[in-house]
J.: 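Before we start, here is the structure in question, set down as structure tokens.
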Amino acid sequence: MSSLQVLCSGLPLRPLPENRGRWAGVPHAPVRTPGLSPAEEQLALRNALRYFPPDVQELLAPEFAQELRLYGHIYMYRFCPDIKMRAYPIEQYPCRTRAAAAIMHMIMNNLDPAVAQFPQELVTYGGNGQVFSNWAQFWLTMSYLSQMTEEQTLVMYSGHPLGLFPSSPGAPRLVITNGMVIPNYSSRTEYEKLFAMGVTMYGQMTAGSYCYIGPQGIVHGTVLTVLNAGRRYLGVKDLAGKVFVTSGLGGMSGAQAKAAVIVGCIGVIAEVDKAALMKRHQQGWLMEVTDSLDHCIERLREARKRKEVLSLGYHGNVVDLWERLVHELDTTGELLVDLGSDQTSCHNPFNGGYYPVQLGFAEAQSLMASDPAAFKSLVQESLRRQVSAINRLAKENFFFWDYGNAFLLEAQRAGADVEKKGANKTEFRYPSYVQHIMGDIFSQGFGPFRWVCTSGDPQDLAVTDELATSVLEEAIADGVNPAVKLQYVDNIRWIREAARHRLVVGSQARILYSDQKGRVAIAVAFNQAIARGKIKAPVVLSRDHHDVSGTDSPFRETSNIYDGSAFCADMAVQNFVGDAFRGATWVALHNGGGVGWGEVINGGFGLVLDGTQEAEQKARMMLSWDVSNGVARRCWSGNRKAYEIICQTMQDNKGLVVTLPQEVADERMLQQALQL
């Protein structure tokens, strides 16, 4: 068993580790079909071998070539470490800086088998959200981090550690870019080839930026989404007896079962992969499982009648479930579902993100590798059937939304009936959850703020929970507008219930939705607690890239921006740059994430709080920018709530000066001018 000291000493070459191949008993990524030419295969092999000295290349070349042909990518299974992969307490990492040790803590959490979807393929979530492209990159990165001083920055090119470069103590210690492909070549087909050749990588959002905290993050987002969907669509605050049907229990989607329980409804979640379903059941996130559609409907009816709180996992295809719900409606007149969505990895529909209803799980995986065109055809037929069933139910008192996973976008491309007459390119028959449910929250500056206690001690997490709760309660006592108060109250409830629901998987982390004032105040409280010794080790602040300012995504985060700029990525890029020179410990900028490759630009950060005055200053400066950037952009696009928030922020911070948009309300004037 390797030690952390060994892990930080560079690639293990003398001797080479034993090649144990793919591990049994853990989930593995689907076989990729990049369609490389012979010359491209040779280039992929050459690119992989350049990490190794000439005296071992002859041994490794046929091994890597076999991986490429069997799995469509060179993962370098031989170099998968035999250490127990988890987030170790920060003081155990052999580093010269606390920042480097914190980054190591976060990287190893992303690869923890309890957290990662396909740990041996370095995939954290989403089916293809890579931490690194291969294991050589992991070893080299850990070595660089162990050597790094406060006057160096590690540069990462799509998983590849380019090297340590001289910088200043105020600069980021780590700068990450993932998938920065020239726009005209940023297609799925090109991506598959470039990834297979080892020159680019799909980092999803927090996989490639080392900031994933397990499914807890999406639990909280789903809790808020379902709560607000109940308020908006059903006109209720209490969801007892209401049924929420969806699909996916894998990486992020595994959160849906726990979210259903927290909001007090009946959640029925379909999952084709039994291993993923049983993992959530064993973790206690899924209360019951069944592979019988008859039993699923019977149990749903029973829970609905009794107003039970239930999370029920159906081992089967969600299309079968939707069609059965239609059958029940048409034969009995009974509508058994109130709310619905989908969390399959539809951003990656033809490589394991979505499984067609016509095939079983193993059969689908086989066809995916042997005949990609036939598999794609079945996926698109399955999407059409799924939408047809949803459309039938939506004629009644049932409400469906797109969860930002490109479900409606891919359904549209498959020819499904999702068009909305007279709509713009970002609108479909059903809204995205940003357009109808969460968009106003973003416009007020609220988004998925999170932190990790690098001591690994649950007691430190409990202290941070208490501090965050106190900060929000004090803000309410000082007086806030009703919309902001509602968000604070929801998040106080979330924190109080988080420990009871055993949400920690992997690192000792927490998430809550907060605005600019809340984030800064929480950060300052944490930093002061570290200085006093109340929190025993540094705390890493971060957020999901899916946030107020972090992501330009016309079919998700910016789908409610209607001034024509939804397809522009200035906000996300400016955020990445602005965070870097305002104090972030590390920054990341990605192509893809959530909705898919070529559909979104997004970025994130990590900020280490260590109890120093410098850390507090960085937090105040960087967190203020990290929120106000997106609020100002939404204000300029015509969002009234964002306008009000930015006006208030300018009053509070005289250093902020934003030109406010003027109202252009006279449609007749516009029409007359255009007629000229």
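Values reported hereafter were calculated over all heavy atoms of this structure, with side chains retained and with hydrogens, waters and symmetry mates removed. Owing to the predicted nature of the structure, the values given are computational and were not obtained by experimental measurement.
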J.: Crowded around M278 CE? As in, over 12 foreign heavy atoms under 6.0 Å?
T.: yes

J.: Restricting to side chain to side chain contact (heavy atoms under 4.5 Å, CB included), what partner residues turn up for S559, sequence neighbours left out?
T.: S432, V434, Q435

J.: Looking at Y430 versus F407, is the centre-to-centre ring distance below 6.0 Å?
T.: no

J.: Considering residues at least two apart in sequence or located in another chain, which fulfil the side chain to side chain contact (heavy atoms under 4.5 Å, CB included) criterion with D465?
T.: W451, L461, I495, R510

J.: Sequence neighbours left out, what pairs pass side chain to side chain donor-acceptor pair (under 3.5 Å) with at least one residue falling in residues 220-229?
T.: H220-N491, T222-Y403, T225-Y403, N228-R231

J.: Would you give the length of the straight line joining atom NE2 of H347 to atom CD of E599, rounded to the nearest 0.5 angstrom?
T.: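 The CD atom of E599 is 11.0 Å from NE2 of H347, to the nearest 0.5 Å.
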
J.: Who are the salt bridge (charged side-chain N to carboxylate O under 4.0 Å, His left out) partners of K618, not counting sequence neighbours?
T.: none

J.: What residues form a salt bridge (charged side-chain N to carboxylate O under 4.0 Å, His left out) with R620, not counting sequence neighbours?
T.: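 Expected list: E616.
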
J.: Suppose we screen for salt bridge (charged side-chain N to carboxylate O under 4.0 Å, His left out). Which residues come up paired with R232, at least two apart in sequence or across chains?
T.: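 In terms of salt bridge (charged side-chain N to carboxylate O under 4.0 Å, His left out), with neighbours along the sequence ignored, R232 is linked to no residue.
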
J.: Say you draw a straight line from SG of C211 to CE of M106; how long is it, rounded to the nearest 0.5 Å?
T.: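 Reported to 0.5 Å precision, the distance equals 4.5 Å.
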
J.: Once salt bridge (Lys or Arg N to Asp or Glu O under 4.0 Å) is applied, what residue pairs with a partner in residues 521-537 remain, sequence neighbours excluded?
T.: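 Every pair satisfying salt bridge (Lys or Arg N to Asp or Glu O under 4.0 Å) with a residue in residues 521-537: D457-K536, D460-K536.
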
J.: Measure the spacing between CD of Q204 and OH of Y125 and express it to the nearest 0.5 Å.
T.: 4.5 Å

J.: In Å and rounded to the nearest 0.5 Å, what is the CG to CG distance from N397 to L335?
T.: 7.0 Å

J.: Apply salt bridge (Lys or Arg N to Asp or Glu O under 4.0 Å) to residues R299 and E302 and explain how you reach the verdict.
T.: CA-CA 5 Å; R299 188 69 185 91; E302 181 182 71; 2.9 Å; yes

J.: Does the side chain of V627 come within less than 4.5 Å of T649's, by heavy atoms?
T.: no

J.: Go through the structure and list residues passing side chain to side chain contact (heavy atoms under 4.5 Å, CB included) with D626, not counting sequence neighbours.
T.: R519, R543, D547, N575, D579, F605, M622

J.: The criterion is salt bridge (charged side-chain N to carboxylate O under 4.0 Å, His left out); which residues satisfy it with E334, sequence neighbours excluded?
T.: R301, R304

J.: Between W401 and F244, is the ring centroid distance below 6.0 Å?
T.: yes

J.: Please collect all salt bridge (Lys or Arg N to Asp or Glu O under 4.0 Å) contacts where either partner lies in residues 207-227, sequence neighbours excluded, each pair once.
T.: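 Counting only pairs at least two positions apart or across chains, no salt bridge (Lys or Arg N to Asp or Glu O under 4.0 Å) contact touches residues 207-227.
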
J.: After noting the C-alpha distance and the side-chain angles of R633 and D552, does the key distance pass the salt bridge (Lys or Arg N to Asp or Glu O under 4.0 Å) rule?
T.: CA-CA 11 Å; R633 188 265 178 95; D552 282 296; 2.6 Å; yes

J.: State whether the side chain of H315 and the backbone N or O of D273 hold a donor-acceptor pair below 3.5 Å, judged by distance alone.
T.: no

J.: Could you pull out all donor-acceptor pairs under 3.5 Å where a side-chain atom in residues 473-485 meets a protein atom, sequence neighbours excluded?
T.:
| unit_1 | atom_1 | unit_2 | atom_2 | d |
| --- | --- | --- | --- | --- |
| E473 | OE2 | R496 | NH2 | 2.3 |
| N481 | OD1 | A483 | N | 3.0 |
| N481 | OD1 | V484 | N | 2.9 |

J.: For a 4.5 angstrom cut-off between non-hydrogen side-chain atoms, does I262 reach W494?
T.: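 Yes. Closest side-chain heavy atoms under 4.5 Å.
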
J.: Can a donor-acceptor pair be found, under 3.5 Å and without considering hydrogens, that links the side chain of T206 to the backbone of D544?
T.: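 It does not hold such a pair.
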
J.: For A615, which residues count as a side chain to side chain contact (heavy atoms under 4.5 Å, CB included) partner, sequence neighbours excluded?
T.: N527, L609, D610, T612

J.: Is T454 close to R98 at the side-chain level, that is, under 4.5 Å between some pair of heavy atoms?
T.: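 Counting from C-beta outward, R98 and T454 never come under 4.5 Å.
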
